[in-house]
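Below: the structure, in structure tokens.
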Amino acid sequence: MQLLDGKLLSEQIKTELAAEVEQIKAQGGKIPHLAAIIVGENAASQVYVASKIRSCEQVGFKSSLIRCEADITQEDLMDVVQKLNHDPDVDGFIVQLPLPKHIDEEAVTLGILPRKDVDGFHPVNFGRMAQGLPAFLPATPMGILEILRRYKIETSGKHCVVVGRSNIVGTPISILLSRKGYPGDCTVTLTHSRTKDLPGEVRRADIVVAAIGIPEFVKGDWVKEGAVVIDVGINRIPDESKKSGFRIAGDVDFESVAPHCSYITPVPGGVGLMTVAALMLNTLKACKGEIYGA
Ligand code: GUN
């Protein structure tokens, strides 16, 4: 069993990005600028956004963090989005999810200009992705593709079972892995909470992507010998032995699953860090006008 080291890969990507920023600077070009909107005080969201901003600093991007009160109105939040849409210095921006219950998340996502939607959540980017057109890919699926690519994991003709059908991970990764080319050309089964005999489905997989949001859900006796396991989960479990009061667990029961795998991503240190790296890659693409032109 070999660990798929998201920390190592994300650092490699950031080193490559930093070199490119140096080159841009030397040529007097525009420095990529990512903005992030965070609403309220969700503890996990604070950690994720801080990591995105820190990554910008590491690679030499400009960043802006816009903090909004938890009770901001829909209208005021839409105004913040519009301001970023119209700010010529901001190449791309994200609105950290989840949003408070009174906010219409779909309306917010639709309000972001597709060419600045570096999270790839806007239906225009999603549709373009599904049709294989140039698009901002959602950061977590893109991070998974980058792991497969950089570890040269064979995907052609493999049976991939995705557990979870969210708009931001399960559904897009199932589309991306079934597309023509590398990494792709998989036969994909998309499973979810209503799937009959989920363990039986997972047992048929050469590649498992666990993205269901339930801690330690996928068990060792569900996994075929030699399978590749990608664990997308980042779950907080109460743990009094920790100073923070919690520990982080994936959607895979690592201890029982790892002995059966050829490759597995650890949590933490796997997909999460690659999500941030992918967001940085998308921000550079936005700055260079690679998807929608300059
Ligand atoms: N919440 C959980 N994952 C993500 C993500 O990739 N982007 C945003 N904006 N919010 C999230």
Side-chain angles (χ1 to χ4, degrees), residues 6-42 44-69 72 76-97 99 108-122 124-125 134-143 146 168 271-294:
K7 187 166 192 294
L8 179 78
L9 291 191
S10 65
E11 275 162 13
Q12 271 175 12
I13 291 169
K14 285 195 271 190
T15 303
E16 291 161 16
L17 284 168
E20 184 145 359
V21 171
E22 283 309 313
Q23 214 172 22
I24 292 172
K25 270 190 190 158
Q27 293 165 352
K30 185 184 180 307
I31 303 299
H33 182 177
L34 173 71
I37 302 174
I38 184 162
V39 182
E41 301 294 331
N42 180 301
S45 291
Q46 301 283 340
V47 173
Y48 299 149
V49 168
S51 149
K52 292 168 186 179
I53 299 293
R54 198 168 50 244
S55 292
C56 283
E57 286 160 6
Q58 286 167 350
V59 302
F61 288 2
K62 267 180 83 174
S63 63
S64 304
L65 176 57
I66 296 118
R67 292 182 174 281
C68 302
E69 298 292 333
I72 189 170
D76 286 351
L77 182 56
M78 295 304 278
D79 284 347
V80 177
V81 167
Q82 282 309 325
K83 230 175 114 186
L84 294 177
N85 278 340
H86 292 118
D87 184 336
D89 196 62
V90 172
D91 298 296
F93 66 100
I94 64 153
V95 182
Q96 188 65 31
L97 305 178
L99 291 168
V108 173
T109 303
L110 280 171
I112 300 172
L113 279 177
R115 69 181 167 82
K116 293 199 177 191
D117 170 37
V118 283
D119 252 338
F121 292 172
H122 192 287
V124 165
N125 278 314
F136 289 116
L137 302 184
T140 300
M142 183 173 162
E146 207 60 36
I168 66 176
V271 173
L273 295 168
M274 293 302 288
T275 296
V276 181
L279 179 66
M280 300 296 119
L281 288 168
N282 274 348
T283 303
L284 178 65
K285 283 188 176 158
C287 180
K288 298 204 298 195
E290 272 184 22
I291 311 290
Y292 290 98

For [X], side chain to side chain donor-acceptor pair (under 3.5 Å) partners two or more places apart:
{"X": "Thr275", "result": "Thr140"}
{"X": "Arg54", "result": "none"}
{"X": "Asp119", "result": "none"}
{"X": "Gln58", "result": "Lys14"}

Side-chain touch [X]/[Y], heavy atoms, less than 4.5 angstrom:
{"X": "Glu146", "Y": "Leu9", "result": "no"}
{"X": "Met280", "Y": "Leu34", "result": "yes"}
{"X": "Ile24", "Y": "Leu284", "result": "yes"}
{"X": "Ile94", "Y": "Ile37", "result": "no"}
{"X": "Met274", "Y": "Met142", "result": "no"}

Applying side chain to side chain contact (heavy atoms under 4.5 Å, CB included), run through Cys287 and His33 and close with a yes or a no.
-> CA-CA 7 Å; Cys287 180; His33 182 177; over 6 Å; no
Inter- and intrachain pairs under side chain to side chain donor-acceptor pair (under 3.5 Å), touching residues 277-287, at least two apart |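 For residues 277-287: none.
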Measure the [atom1]-[atom2] distance between [X] and [Y] for me, rounded to the nearest 0.5 Å.
{"X": "Leu113", "Y": "Phe93", "atom1": "CG", "atom2": "CZ", "value": "7.0 Å"}
{"X": "Asp76", "Y": "Cys68", "atom1": "CG", "atom2": "SG", "value": "8.5 Å"}
{"X": "Ile291", "Y": "Asn125", "atom1": "CD1", "atom2": "CG", "value": "7.5 Å"}
{"X": "Phe61", "Y": "Ser55", "atom1": "CZ", "atom2": "OG", "value": "10.0 Å"}
{"X": "Met78", "Y": "Asn85", "atom1": "CE", "atom2": "CG", "value": "9.0 Å"}
{"X": "His122", "Y": "Thr109", "atom1": "NE2", "atom2": "OG1", "value": "8.0 Å"}

How would you list, by chain and number, every residue that makes a side chain to side chain contact (heavy atoms under 4.5 Å, CB included) with [X], sequence neighbours excluded?
{"X": "Ala18", "answer": "none"}
{"X": "Ser63", "answer": "Ile53, Cys56"}
{"X": "Glu22", "answer": "Lys25"}
{"X": "Ile168", "answer": "Phe121, Ser166"}

Partner set under salt bridge (Lys or Arg N to Asp or Glu O under 4.0 Å) for Glu11, not counting sequence neighbours =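 Glu11: salt bridge (Lys or Arg N to Asp or Glu O under 4.0 Å) contacts with Lys7.
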Does any donor atom in the side chain of Asp117 or Tyr292 lie under 3.5 Å from an acceptor atom in the other side chain?
->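 Looking only at side-chain atoms, Tyr292 and Asp117 do not form any donor-acceptor pair under 3.5 Å.
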Compare every heavy atom of [Y] with every heavy atom of [X], then report the nearest pair and how far apart it is.
{"X": "Leu273", "Y": "Gly6", "answer": "CB-O, 4.0 Å"}
{"X": "Gln46", "Y": "Arg67", "answer": "OE1-NH1, 3.0 Å"}
{"X": "Ala278", "Y": "Ala139", "answer": "CB-O, 3.3 Å"}

Got a sec, which pairs hit salt bridge (charged side-chain N to carboxylate O under 4.0 Å, His left out) with one end in residues 83-93, sequence neighbours left out?
->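 Output for this query lists Lys30-Asp89, Lys30-Asp91, Lys62-Asp89.
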Would you sort out whether Lys116 and Val90 count as a side chain to side chain contact (heavy atoms under 4.5 Å, CB included), showing the intermediate values?
-> CA-CA 8 Å; Lys116 293 199 177 191; Val90 172; 4.3 Å; yes
Apply the side-chain contact (heavy atoms from CB on, under 4.5 Å) test between Val39 and each candidate in Ile66, Leu99, Val80; give the one that qualifies.
->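 It is Leu99, the one option of Ile66, Leu99, Val80 that forms the side-chain contact (heavy atoms from CB on, under 4.5 Å) with Val39.
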